[in-house]
Every structure is written in structure tokens, then in C-alpha cells.
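In each ligand, atom 1 is the first atom listed, and ligand 1 is the first ligand listed. Note that this is a predicted model, so its numbers are computed, not measured.
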Amino acid sequence: MKYAVVAIAVPLKSFYTYSFDDSVLSVSKGIRVKVNFAGRPVIAFVVDVQDELDKSLEGFAIKPILSVVDDQSLFDDEAVKLALWMEKFYLCSRGEALSAMIPSGKRDTAYSPLSADDLPLSQEKALNEEQRKAYEAICSRPGESFYLFGITGSGKSEVFFQVAKHYIEQGRQVIYLVPEITLTHQVQAMVASRFNGRVAVLHSALSPSQRIAQWRRIRRGEVDLVIGARSAVFAPFASLGLIIIDEEHESSYKADNSPRYHARQVAQYRCSINKATLLMGSATPSMEAFKLMKEGKLARLDLKQRAAGGALPSIELVDMKGEKSLLGRRLRLEMGEVLGKGRQVILFLNRRGYSNCLHCSSCGHTIQCPHCSVAMTYHKSSGKLVCHYCGSQMDVPESCPECHSTDLIFGGFGTERVEVEVKASFPSCKVARIDTDTVKDKKALASVLKSFRDGDIDILIGTQMVAKGLNFPLVELVGVISADSSLSIPDFRAQERTFCQLVQVSGRSGRYDDQGKVILQAYKVDSPAIIDAMNLDLEGFYEKELIMRDLTEFPPYTRLINLVFRSKSLNLAKSFSEEAAQVLCSSLDKLKAAGRCSQLPQVIGAQECPLDRIAGSYRYHIVLRGKDFACMHELASKALALLKVPRGVYVEVDVDPVHLL
Ligand code: ADP
Ligand code: ZN
Ligand code: ZN
């Protein structure tokens, strides 16, 4: 009998030991096995194999391994190191770290090979002066970090491709991260044609066996470049030379379940242990990246011109106060003109559905989701109220559940309502809408985008799906229906997110000529995010926002750790979060007495989360905030070890959260 020490993807710190008969099962370090855990079979990662049972376990009943999943090791020494680092940094278990890293079937991404049939040619372009300067800087200083700060349409991708090619010629491998939403078929095919098919593409919804097959291809050295969303950052290359992070500011690079890793942080770590180059890029950097560049800690490379010609669009801000329709008079007029010339229009609104909410005009009550603390959204096509957090649906009530008045009115609006108004105002135009309600899969999205590119659609209405990295030569006007709608979200990044979104969506207009126009409709016309976006004053916005963050003590001037306590029982969530706050405060006193912190962190809360209820769970949180990260990290880690989490309570740990909702 032999023994395997395994890590399991549960939020516990410990490892578990199982036995096996080595004449029957071949178990080695780095493979996955099936074991019984808490009464059900689960997948576990073998981290060690021992000939004898550890002394400390003598007398315990050791359960046998049920079966072996892999015949070859899935992770190498670097992966082991990385898992250990994730465990420490993100305060998760080893099993959680490993299962985030290794495609296991239940998680988000997959690798798929490309068939050679449908590859469009993607020709290498001669770099312009700015691109060449950036290229030379990056290739001449391997192992350093760079930021390609280039306006929309400045040709960042061409620089990424050529730098990648350079590193591959040096015998190194490349990871190219893009937001899932921009990983279109077109992009995949382009990458495959540039790198002779020696690529692996990660995208959602492939079978577990396909995922593992690609993982093995990478480990066998058959791949030079991996392109994919967040989890592609874990690709097991033997000689990693370069990690590219396109659209670095995107919040989808942050994982939303444990371990809540940020692909940028993982990339930094992997680059440092592999002496690899880190190349990030965006037209709208995160505040973190901007501050690093300003302080000279991250090499900034500017691209200030559009590579294929075409001026930046002219942007007009329209005050919507007193307007009767959600399409203001100015926007209607411009739409008429552009459409009359046979050119195209994109309308952007970051909200799905027909009307945002249903409220009672007698008592002011808003119909809420019965399980979440958010308003229900009316969807005209289904005739139902839908919760955008938990997905639950209900019929439209005939009277107010609070006061029984029948004066229920729709307030706010979503893309579906915009579509209705547009069709009524421009009856002879072809209109299409893309959001997660109308396009359920990649194929449907691709076909709408193709008809739009071919000119078969005149007006495209969409949520952020239309804002990202798309190029449509015939688009002359972009209308943002409600530029200030995301400003009222109660989060410290609301201004930053609004600004980035407006600049990115404006970049969709006039990509190939000088006619591009953008109309921003808003009520809060004096907000910095909107005014600076209108003027495309990037430096101005970032400088002001940095001052605000400094004054209000938010990142990047402080670091945060968010601890969320959720439970179906309000009492449990509340009382346990209060207990946790006490443990944190007394640990803080000990740290203070020991005098080891350069600056003591604040313990904020326990209090209700801004979204105090999601899918029937009540949510309380404690925020640790401070400038001495090592100190607050130690505080969180010690307190979490001391806490005895009761049954029915879940603790979510978020190191460097991207929001505090
Ligand atoms: P970004 O990613 O910076 O927004 P893109 O990479 O989409 O910009 O490039 C915008 C357009 O410019 C694309 O159509 C691309 O083919 C073109 N382009 C890029 N580099 C060059 C170049 N050196 N010469 C001519 N056209 C270029
Ligand atoms: Zn009422
Ligand atoms: Zn809900």
C-alpha cells in the first residue's frame, strides 16, 4: 500500500491523504485522481506520493483512491510554484489554486485547435514610425515591463504580433491575453495564419477532453503562441518569453470566484520567474497602470496616431434635460443625415431589456427581485420581469405589492426599448440589436456583425458588446444613449469605468476617414468622466482621478482586501461578520503592539454590501484598507485562520478587489 497527498478544490487549507495499491493504480505527482470527499466523489490533485503513512495520521481511517484520471503529469515545477504563490497571495487553498490553473471541465475556458480551411490572409504591415519605436524598445529590453498606450485604431495589434514573432524566433513562447468578448472567429483565424497554425486558442464552452488535449499539445511543445481570455495566463510553456495583455483595463481579467486572481498579477509573477517580457496595452489604462507609468516604474510607449489614417471623431455632449424621447433631437437629426448618405450608425446603451424598472406612482415603490436587492427589469419580448443578477423571472403584477395601487409605471429604459423607438422613428432602416438577450452564442453574434460589416444593417444597437475592439469602415455616427448611466453605481471605480467605456465606444466611429461623429447624451453633463471623454482629454482625466483617489484613500494609493460573508440567514451573515470584525480588530491591536507595521490598516465594517442581497443570500462585508500591504495581508490571513466559519456561512476573500459591490 502507498499513500498520495492530494489537494482538493475546497476553501480549506489542509491537504488530504488517500491510499492506493501501486500494483493496480499508477499514481504519480502532478496527475488528477478521483476520491471520496465529504460523501461524494471529487477530482483531486496529487501533490506528493509517499511509501509510508505519515506518523501523524496513524490510527486514522485512510480512504482509498477511487480511480486515476490522467496518465501523465499535468503540471510542472513552475505550476507548483505558481499554485503556492496563489495560495499565499489570494488566501485560498492549494486545491482551489490548482483547479483555477488546470482545465478541469467545470471552469470557464478551453483550448481549441483551428482548422486550416477558413484562414483569411493576414498580411504583416510595415510598421510606422511610432510603432517601430515601440517595437524596438520592447525587443531590445527583454525581461522588462512595457505599456503600449495607444489611441483607438493606432495599430497596437500589429505591434503585438510582430513582437510575438520576434520572441518566437528566439525560441521562446508567447501568451496573448484578450477579453473573451473580442476573441472573435476573425481574430482567431488571423492569429493562426500569422503563426503557421502553431497556436492554441482558448475560448469558452469546449468539452473537457478538448481542453486537456490542447493543454497536452502545449506541454509537448507543439504550440508557440496561446491566445485566450483570463485563464490562458496559466498556459504551461517550457520557455515562456512574453505575455501580452491587450485591453489591460478590462475588469474581466479579474476572476469572480475563488481564487479571485487578476491575470495581470499572475502575468507579473510568471514573467518575473521566467525572466519574460510583460507587454500591456490599451487606449484607456487602469488607474494602477497610469500611476506606475507616471512614476516611471512602467515603461510607457505612446501611439498617438491612427495607423490606417482617419482622424479621431468629433464628440458632442447633449444635455437631455427637457428632452421628451430617449433619442434626443440632436441625435435624431444626425442619425437622419448619416443614414441619408448611406452610412451606418451604432447606438450604445449599457443596459439590456425594455424598461429598467417598474415603479408605483402612488407610493414610489420599485418592484424588486424577491431574492436580490436590485430592481427587476421588464423584457417586452417575453412580457416578464427579469432579475439581471440571479435570472429569476416573474409576471408583471397588476397592482403595487405595497399599497395596491394600480398606477404602476415603467421608468428608465434598456436596449430593447431603444430598438422600439428607433424602428418607429426610422421605419425604412434595417435595425439590429446585440446584447446577451438576442445573441446567445458566438455564431449568432458573428453573423449579425458580418451583416453589419457588409452594410446589410443600417443601425446597430447594443450593450458593451459593441464597444469592444470592433472595426466597421462604414460607421459614421456613434450615439451613446445615456452616457451617465453607470456613474450612479455606488463604487469607487464608477468614474473610471464610465470614462473608459465612453472613450472606447467613441473609438468605433470614423475608423477610416475624417467624418466620424459621436453624440453623448447625458443628464449629469458636468461630471469629469463625461467632459474629459468628450474632449478625449486622457491625461486630464487620469490626473484628476488620481487626486480624488488619493484624497479618498482608494487604490492605487491604498490597497484593499474585501471579505464578504454571505448566508441565506440574515442573522448568521450579520452576526458572523461582526464576530470576524472583532477578531480582526484584536489581531490589529496585537500588530500595533508588536510595532511591525509601517502604517496600520483600517478595518471598515462589518456592514451591509451595497448589493446586500444576491440570489437569496444576505451579504455583509469587511474592508481592510491600508498602505502597508504586507501588514494588512498578514492581518487577513491570521484572522481567517482563527475564524471558525459556521455551517451556512460562506466567506469570499478578495485581495485587490476591482469593485466593492
Ligand atoms: P488598435 O488595436 O490600436 O485599436 P488596430 O490594431 O485595430 O488598432 O489597428 C487599426 C487599423 O490600422 C487596422 O485596420 C490595422 O490593420 C491598421 N494598421 C495597423 N498598423 C498599420 C500600419 N503600420 N500601416 C497601415 N495600417 C495599419
Ligand atoms: Zn405603491
Ligand atoms: Zn435576483
Taking the side chain as every heavy atom from C-beta outward, state whether Phe499 and Leu538 have any pair of such atoms under 4.5 Å apart. yes
Can you tell me if Cys360 has an N, O or S atom under 2.8 Å away from the Zn ion (ligand 2)? yes
Here the atoms of ligand 1 under 4.0 Å from any heavy atom belonging to Asn128 are 23 (N)
Mind checking whether Val199 and Ile227 have side chains closer than 4.5 Å, heavy atoms only? no
Between His404 and the Zn ion (ligand 2), is there a contact where an N/O/S atom of the residue lies under 2.8 Å from the metal? no
Heavy atoms of other groups near Lys304 NZ, more than 12 under 6.0 Å: no
Is there at least one pair of N or O atoms, one from Glu158 and one from ligand 1, spaced under 3.5 Å apart? no
Candidate with minimal heavy-atom separation from atom 1 (P) of ligand 1, of Gly281, Gly153, Gly507: Gly153
Part of Ala283 with heavy atoms under 4.0 Å of ligand 1, whether side chain, backbone, both or neither: neither
Which atoms of ligand 1 have any heavy atom of Ser154 under 4.0 Å away? 1 (P), 3 (O), 8 (O)
Nearest heavy-atom contact between Gly150 and Lys156 is O-NZ, 2.8 Å
Minimum heavy-atom distance between Leu661 and Arg619, given as atom pair plus value: O-NH1, 2.9 Å
Counting C-beta onward and ignoring hydrogens, is there a side-chain heavy-atom pair between Glu416 and Tyr378 closer than 4.5 Å? no
Heavy-atom distance to atom 5 (P) of ligand 1: which of Gly155, Gly150, Ala307 wins? Gly155
Gln131 and ligand 1 - part of the residue with a heavy-atom distance under 4.0 Å: side chain
Got a sec: is Cys387 within less than 2.8 Å of the Zn ion (ligand 3) via an N/O/S atom? yes
Which atoms of ligand 1 sit under 4.0 Å from any heavy atom of Thr152? 4 (O)
Any heavy atom of Lys156 under 4.0 Å from ligand 1? The part involved is both
Within the 4.5 Å heavy-atom criterion, are Glu130 and Asp302 side-chain neighbours or not? no
Does the Glu496 side chain pair with the main chain of Ser286, one donor and one acceptor, at a distance under 3.5 Å? no
